[in-house]
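Here's the structure, in C-alpha cells; my notes come after.
Just the heavy atoms: all of them, side chains too, but no hydrogens, waters or symmetry mates, feed the values below. Naming convention: chains lettered A, B, ... in sequence-line order (proteins, then strands); numbering from 1 in each chain.
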2 protein chains.
Amino acid sequence: MDSNPDTRPYHHGNLRRVLIDAALALVTEKQDWAFSLREVARRAGVSHNAPYNHFPQKQDMLAAVAAAGFERLRDRMRAATAHVEPATDALLACGRAYIAFALENPALYRLMFGPALASAMGPRPTSARTAGAEAKAVLADIILRGGRAGTFAVSASDQQGQRMAVFFSWSAIHGVTMLLLDGFMESNFTADDLVKGLERTLLKGLTPR
Amino acid sequence: MDSNPDTRPYHHGNLRRVLIDAALALVTEKQDWAFSLREVARRAGVSHNAPYNHFPQKQDMLAAVAAAGFERLRDRMRAATAHVEPATDALLACGRAYIAFALENPALYRLMFGPALASAMGPRPTSARTAGAEAKAVLADIILRGGRAGTFAVSASDQQGQRMAVFFSWSAIHGVTMLLLDGFMESNFTADDLVKGLERTLLKGLTPR
DNA sequence: ACCTGAACACCGTTCAAGT
DNA sequence: ACCTGAACACCGTTCAAGT
C-alpha cells in the first residue's frame, strides 16, 4: 500500500503477509513458481534481507506460498460442494472445482506439490502439509457423508476403509490434474470425456455393487 | 573414464552422454533434482561452458535427464509385465513396478514430471514428453491386450474409449505415486492396503460388469 | 565442431550496523 | 523486534579465443 519511503514506517507491520501476496502475484503473472527471494522483496518494497525476519530460508517462503495455495483450493472445494446432495454429485462437483483451480493456477498448483513438500519430508509438519491436509478433509467429509447415507460403499465403522477411499479418490483427481497440466492428455478429449472419465474413476470404487 | 587432463583428448567424444549420467548420479546422490549446470560440468571434468555445446539451455539438459528417467521407467514397466497373463495381473504388476521405481528414485521421478515438462508446454514435443509417451505406451499395450481378450471392458473398435482407459489408468497410478512421495498417504497403510486400493482403482473401471 | 577462460548480471545467505 | 547495506560464494549465460 504505502510504498513511498518517506511515509512508509520503518517497521512494516505485516510484511510477512505482503511478501506472500507478492510471491503469489509473481507466480501467477510469470506462470512460473521459480521466483527469486530478491524479486519478491523488490515487489514488496523492502530490502532483499527483510524477508529473513519472517522466513529463515527461502524454502520456508515457498512453503508459505504453497500453504496459501492449498487454502484457496480448499475454499474452492468447499464452495463447490457445500449443501450438494447426493454425495455422488458432491464428489463430482468437488473434482471439477479441483481441476478448474489447477487449470486456472497451473504454476501455483505445481508449487503446492513441488519443492515445498519435496524438501519438507521430515517429521515436523510444514505449513504446506497442514494446509494440504485441510483440503483433503473436504474430500473426506463428502465421502463420510456418502457413507452414512448409504450412497457410497464405505461403512461408518471401518475407519481404515474410509481413509483408503479418501486417499484413492484424491489420488485419482490429483493424477488426472497433473497429467493434464503436463500435457499428457490427448488433445482430442472433450470436457465431457473428462467428466465421464472422472465419474468412472471416482465412483466405480465407491458405489455399492 | 579418462579424467586426467594430460591423456584426455581435447574433444571428449560423447560428452553429452557423460553429462546426462553425471546429472543422474547427482540427482540420485543428493536426492534433489535442483542440480547446477556447473556442478554437472565439474563432475564430468569439463569447463562450465562445455555443456553449452550439447544443450542450448540448462532446461534442455533437465529435459534430457527427465527423458533418461522415463526410459528407465519404461524398461521397468516392460520387464515387470512382459508375457504376464491375464491382463489384470499385468496391469497390477505394472502399477507395482511403477510405484517401486518412484520410491527408489523419488527425486528423479519429481524431475520427470516437474520442471522439464512445465516449461516445455509449447507445441514442439520435447525429448522428455516423447519418452513419457513411450512409458505410457506400455500401459496402453496391456489395456489393448486385455480388451482383445475380453478381460477388460474396452472394445477394440472404440479408439476413444481405449485412449480414455489408458489416460485414467495412468492418472490413477501417477496420483497414488505422487501423493505417496509427498507424504499425503497415511503412514499406517500397509503394502497390502496399497495393492488392494490399486486393484480397486485400476480394475473397477475396466472390468465388465 | 568442440572446448576453454574471462566477464556480467543475478542469486541465497551471513553479518555488522542502524532504528 | 525488525530492517538496511556491504560482502561472499555461487549460478546461468554470453563472448572472444583457442585446437
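Atom CG of Asn14(B) and atom C1' of dC2(C) are 13 Å apart (whole Å). For the pair Arg16(B) CZ and dC3(C) C1', the computed distance is 17 Å after rounding to whole Å. Whole-Å rounding puts the Asn53(B) CG to dC2(C) P distance at 7 Å.
Under the rule for a side-chain hydrogen bond (donor to acceptor under 3.5 Å, both in side chains), Arg96(B) has no partner lying at least two apart in sequence or in another chain. With sequence neighbours left out, the side-chain hydrogen bond (donor to acceptor under 3.5 Å, both in side chains) criterion links Lys58(A) to no other residue. In this structure, the side-chain hydrogen bond (donor to acceptor under 3.5 Å, both in side chains) partners of Glu29(B), at least two apart in sequence or on a different chain, are Arg43(B). Partners of Asp193(B) according to the side-chain hydrogen bond (donor to acceptor under 3.5 Å, both in side chains) rule, which considers only residues two or more places apart in sequence or in another chain, are Gln160(A), Thr190(B).
Note on residues 37-64 of chain B: no pairs pass ring pair (Phe, Tyr, Trp, His ring centres under 6.0 Å), not counting sequence neighbours. Listed by first then second residue, pairs satisfying salt bridge (charged side-chain N to carboxylate O under 4.0 Å, His left out) with a partner in residues 14-23 of chain A read Arg17(A)-Asp21(A), not counting sequence neighbours. Applying the salt bridge (charged side-chain N to carboxylate O under 4.0 Å, His left out) test to pairs two or more places apart or on separate chains, those with a residue in residues 99-109 of chain B are Arg76(B)-Glu104(B).
In this structure, Arg200(A) forms no cation-pi arrangement with Phe168(B), as its terminal cationic atom is not both closer than 6.0 Å to the ring centre and no more than 45° off the ring axis.
OP1 or OP2 of dC3(D) sits under 4.0 Å from a side-chain N or O of His54(A).
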**Q.** Nucleotide pairing, DNA chain C (Watson-Crick or G-U, distances under 3.5 Å), in dot-bracket with [ ] and |
**A.** ||.|||||...|||||.||
Q: Heavy atoms under 4.0 Å is the rule here; annotate nucleotides 8-13 of chain D 5' to 3' with B where the base is hit, S where only the sugar-phosphate is, and - elsewhere.
A: ---BBB
